[in-house]
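Here is how names work: the chains are called A, B, and so on, in the same order as the sequence lines, proteins then strands, and each is numbered from 1. Below, each value reflects all heavy atoms present in this structure, side chains not excepted, and no hydrogens, waters or symmetry copies.
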Protein chains: 2
Amino acid sequence: MHRFRTATFDLENGKRLQNNKNMKTTIKDIARDVGVNVATVSRALNNKPGVSPELRRTIQRRAAELNYLPYGQARSLVTRRTETVGLLFDMELGTLLSNPFYSEVLAGIEAEIRQHDYSLMFASTSGEPVQHFTALPKFIVEHRVDGVIVVGSVEANIIDMLITSGQPFVIVDYHLPDRHLDAVLADNVRGAYAATELLIGLGHRTIAFVGGEPLDHGNFGERLEGYRRALNDAGIPFQDDLVAGGGIENGDLNALQILARRPDTTAVIACNDTNAIAALNALQRKGYGVPDRISIVGFDDIPHAARTHPPLTTVHVDRRGMGRAAALRLIHKLHDNDSQPECETVFPAKLVVRESSGPPPAAKPADSEAVLPDERQ
Amino acid sequence: MHRFRTATFDLENGKRLQNNKNMKTTIKDIARDVGVNVATVSRALNNKPGVSPELRRTIQRRAAELNYLPYGQARSLVTRRTETVGLLFDMELGTLLSNPFYSEVLAGIEAEIRQHDYSLMFASTSGEPVQHFTALPKFIVEHRVDGVIVVGSVEANIIDMLITSGQPFVIVDYHLPDRHLDAVLADNVRGAYAATELLIGLGHRTIAFVGGEPLDHGNFGERLEGYRRALNDAGIPFQDDLVAGGGIENGDLNALQILARRPDTTAVIACNDTNAIAALNALQRKGYGVPDRISIVGFDDIPHAARTHPPLTTVHVDRRGMGRAAALRLIHKLHDNDSQPECETVFPAKLVVRESSGPPPAAKPADSEAVLPDERQ
DNA sequence: TACAGCTTCGCAAACGTTTGCTGGCTTTGC
DNA sequence: GCAAAGCCAGCAAACGTTTGCGAAGCTGTA
């Protein structure tokens with residue numbers, strides 16, 4: 001390097017002059033101009049004590065005149081802090097962004113991060129498998145971030161490598177059952193339980209569950225579990241042929257397939273709103289009235305859920321709040337060296353009853369010894 | 001600082017030992033271990049010439065054993081490059097992410113950036129107005145990025161400050177008419193022209209334009225201009241009461257309002273697909289058949305446009321390609337010091353005819369001296 | 001044998017900033 | 001009037017890495 005050797009020199013003292021156009025002005029330039037030491041300039045510009053008011057003003061004025069911008073790399077080198085946090089996720093960026101759930105989580109993270117004057121870096125781990133921890137995103141390998149927020153499910157070995165890299169991190173919307181890590185989660189089980197409970201309370205007995213891909217993974221698995229438990233607590237047997245998984249792309253097909261093989265279905269719970277809306281459209285187009293013939297309940301309460309026809313009954317989770325909480329947790333972790341133990345923060349899932357759910361078409365009380373809603377709990 | 005003064009010392013030579021748990025291993029540790037100079041370690045690990053093969057292997061092995069990770073800040077300090085680019089936009093992050101257009105642009109940027117082994121930082125300029133260029137995002141102020149990609153419209157003074165900050169930058173999907181800057185754009189005028197032309201060719205004479213907020217700004221303004229020109233070239237007068245602006249939230253209202261005051265409307269062009277889909281739903285729900293009673297054409301060709309009922313006729317632009325192009329342009333700018341002059345890259349807008357467009361309900365040839373499609377051009 | 005050329009490695013400066021320490025000066029307290 | 005205390009500013013080291021230069025060793029040729 002040393003490409004700046006070509007700069008002209010002041011013959012008096014041999015110091016480089018600030019005359020090269022594409023040369024950024026540094027703290028040294030200001031110090032020389034004002035006639036003080038660089039240490040004083042540093043203290044003056046950072047509003048640290050030990051500089052007289054008038055000298056401080058002089059220095060700040062000169063800095064502004066010279067369009068001075070500090071050089072973060074040098075500062076970080078000595079302070080050991082970059083004031084930047086990294087975001088890590090295991091999908092293509094486009095997928096993450098077009099996901100209405102995560103985009104709100106990200107907005108929450110960004111808001112909190114910005115409020116604390118941190119910056120954000122992004123990286124996806126999708127693609128080649130990460131075998132060694134030097135294959136982690138560059139900003140982690142090169143210590144360009146102070147901490148990391150993992151959003152959504154990632155492979156377990158990525159978590160392992162994060163641990164061995166020594167980076168402080170917090171996970172949002174994902175947890176490994178066997179590890180004890182900092183995580184911010186939605187109460188998926190309780191949410192799905194409440195949704196199922198609502199339908200059972202309305203009189204439904206044949207309730208389908210249409211899921212994402214893979215069905216038993218992460219959040220979807222937990223929601224399926226909530227559905228299963230609610231059925232069980234109501235004395236309704238869980239039936240395999242009422243459950244269908246598959247990608248979001250054919251979310252509408254799932255519902256139609258179940259209705260084809262189980263015409264007695266009167267309600268559908270979807271693993272998320274995107275699937276629910278797809279099912280809603282598909283069913284309506286096939287002539288099924290919602291909620292008269294069939295009830296639909298979603299999960300997540302994405303913005304569009306309130307604007308469907310009929311508006312979607314769904315389970316609300318404060319995604320933005322989850323993002324903020326994760327960011328705040330990480331920031332605390334970075335500041336308080338006396339690290340409190342790892343913990344999981346669980347956000348409640350609140351049922352939002354709109355108009356896509358109602359009683360089943362023909363209440364057949366004699367059909368089975370149905371457990372009446374008020375008998376339970 | 002100097003908090004590491006507390007580390008224990010090797011009494012033999014006074015050098016700090018690698019025994020503190022939370023002490024990262026550095027190039028010096030490796031050098032001491034192997035018994036060589038730090039310069040040799042640096043050259044060995046970076047695969048630079050000047051190191052014998054066996055010594056290089058020894059060094060690399062020891063580096064792996066010690067879980068060595070380079071410290072990017074120190075490297076950047078001397079190389080003057082961070083291998084990071086910043087993304088700048090003038091909206092809340094959530095808004096950006098939930099926008100199907102920009103989320104694909106971002107995906108394209110990320111793909112290209114990653115391929116070139118760069119990292120990405122994000123920042124929004126929304127919020128307080130930026131008066132002085134030290135109020136730019138921190139990663140620009142602190143030189144934490146090598147260059148910047150501006151996505152979408154931002155205030156002109158932000159561009160000015162970017163210029164005075166000396167950061168290389170490229171704009172995607174926005175341009176200031178009076179400046180001459182690097183930009184990657186979609187051919188909005190031609191796209192809207194083609195869409196309007198299609199409808200005129202089908203026989204429509206009363207064509208509405210429903211727009212975004214603000215109507216005459218940026219892309220929307222250009223699309224409106226294309227609509228206006230096509231009308232003009234076909235000899236159809238532009239009529240104010242056929243145009244309605246307003247936020248995307250009430251995109252459906254726009255179309256309904258126009259139809260209320262101009263029942264003779266037979267076609268609607270929307271400034272983007274989100275508005276078009278809102279209009280489609282609203283009109284269908286009011287009993288207007290699409291395309292039998294009224295034709296609808298969108299803009300952008302977002303993924304969902306192909307899955308509406310009927311599938312939406314729209315104007316396709318290669319958003320991902322635009323993102324990639326912008327990233328590539330910036331990277332070239334960063335590498336080739338012989339900067340080629342600023343230029344605008346315009347991506348073509350391609351009309352995609354699906355099923356939401358058709359001939360007007362009752363062709364009334366005597367209604368006016370209609371310019372027949374084949375008379376034009 | 002001598003010397004030129006090449007390879008391999010060490011030396012040390014440099015990148016821009018922060019910060020512990022020290023010394024000089026001024027103010028305060030008695 | 002003098003010591004103690006406090007404020008201000010400078011000195012210099014340190015952060016971890018890269019890199020131009022030069023020295024040492026080796027090979028090959030004249």
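Between the P atom of D:dC15 and the CG atom of B:Asp29 lies a distance of 11 Å, rounded to the nearest Å. Remark: C1' of C:dT17 and CZ of B:Arg144 are 11 Å apart, rounded to the nearest angstrom. Atom CD of A:Glu83 is separated from atom P of C:dT17 by 15 Å (rounded to the nearest Å). Regarding A:Arg32, its CZ atom lies at a distance of 12 Å from the P atom of C:dG16, rounded to whole Å. Atom NZ in B:Lys28 sits about 8 Å away from atom P in D:dA14, given to the nearest Å. Distance, A:Glu54 CD to D:dA9 P: 7 Å, rounded to whole Å. Following rounding to the nearest Å, A:Asn37 (CG) and C:dT17 (C1') show an atom-to-atom distance of 12 Å. The distance from atom CG of B:Leu45 to atom C1' of D:dG16 is 13 Å, rounded to the nearest whole Å.
Contact check on B:Glu54 versus B:Arg57 returns no salt bridge, with no Lys/Arg side-chain nitrogen under 4.0 Å from an Asp/Glu carboxylate oxygen. For A:Arg179 and A:Asp160, the salt-bridge test passes: some basic side-chain N is under 4.0 Å from an acidic carboxylate O.
Side chain of A:Val78, nearest nucleotide from D:dC8, D:dT18, C:dT17: C:dT17. Side-chain proximity of B:Asn46 to D:dG10, D:dT18, D:dG16: nearest is D:dT18. Checking D:dG20, D:dT17, C:dT19 against every side-chain atom of A:Ser42, the shortest atom distance belongs to C:dT19. The listed nucleotides are C:dT18, C:dC9, D:dG10; the one nearest the side chain of B:Val51 is C:dC9. For B:Ala39, counting side-chain heavy atoms from C-beta on, the closest listed nucleotide (C:dT18, C:dG16, D:dT19) is D:dT19. Side-chain proximity of A:Lys48 to the nucleotides C:dT19, C:dC15, C:dG10 is greatest for C:dT19. Taking the side chain of B:Arg75 as heavy atoms from C-beta on, and the options C:dG16, D:dT18, C:dG10, the nearest nucleotide is D:dT18.
Look at B:Tyr71 and you won't find any side-chain N or O under 4.0 angstrom from OP1 or OP2 of D:dA14. Distances shown here put every side-chain N or O of B:Thr40 at or beyond 4.0 Å from the OP1 or OP2 atom of C:dC9. The side chain of B:Arg80 contributes an N or O atom lying less than 4.0 Å from OP1 or OP2 of C:dG16.
A side-chain donor-acceptor contact under 3.5 Å links B:Asp173 and B:Tyr102.
Figure legend: cation-pi geometry between B:Arg80 and A:Tyr71, with NZ or CZ positioned under 6.0 Å from the six-membered ring centre and within 45° of its axis.
Projected onto DNA chain C by closest heavy-atom contact, B:Leu55 and B:Leu77 fall at different nucleotides, the more 5' of which corresponds to B:Leu55. Comparing A:Val38 and A:Pro49 by the nucleotide of DNA chain D whose heavy atom lies nearest to each, the residue mapping closer to the 5' end is A:Pro49.
Note that the OG1 atom of B:Thr84 and the CG atom of B:Asp146 stand 6.5 Å from one another [nearest 0.5 Å]. Distance CG/A:Leu88 to CZ/A:Phe169: 10.0 Å, rounded to 0.5 Å.
B:Pro70 comes within contact range of the sugar-phosphate backbone alone, with a heavy-atom separation under 4.0 Å but no base atom that close. If you check every strand for non-hydrogen atoms under 4.0 Å, A:Ser52 touches sugar and phosphate atoms only.
Contact of A:Arg43 with D:dG10 (side chain to base): a donor-acceptor pair of N or O atoms is detected under 3.5 Å.
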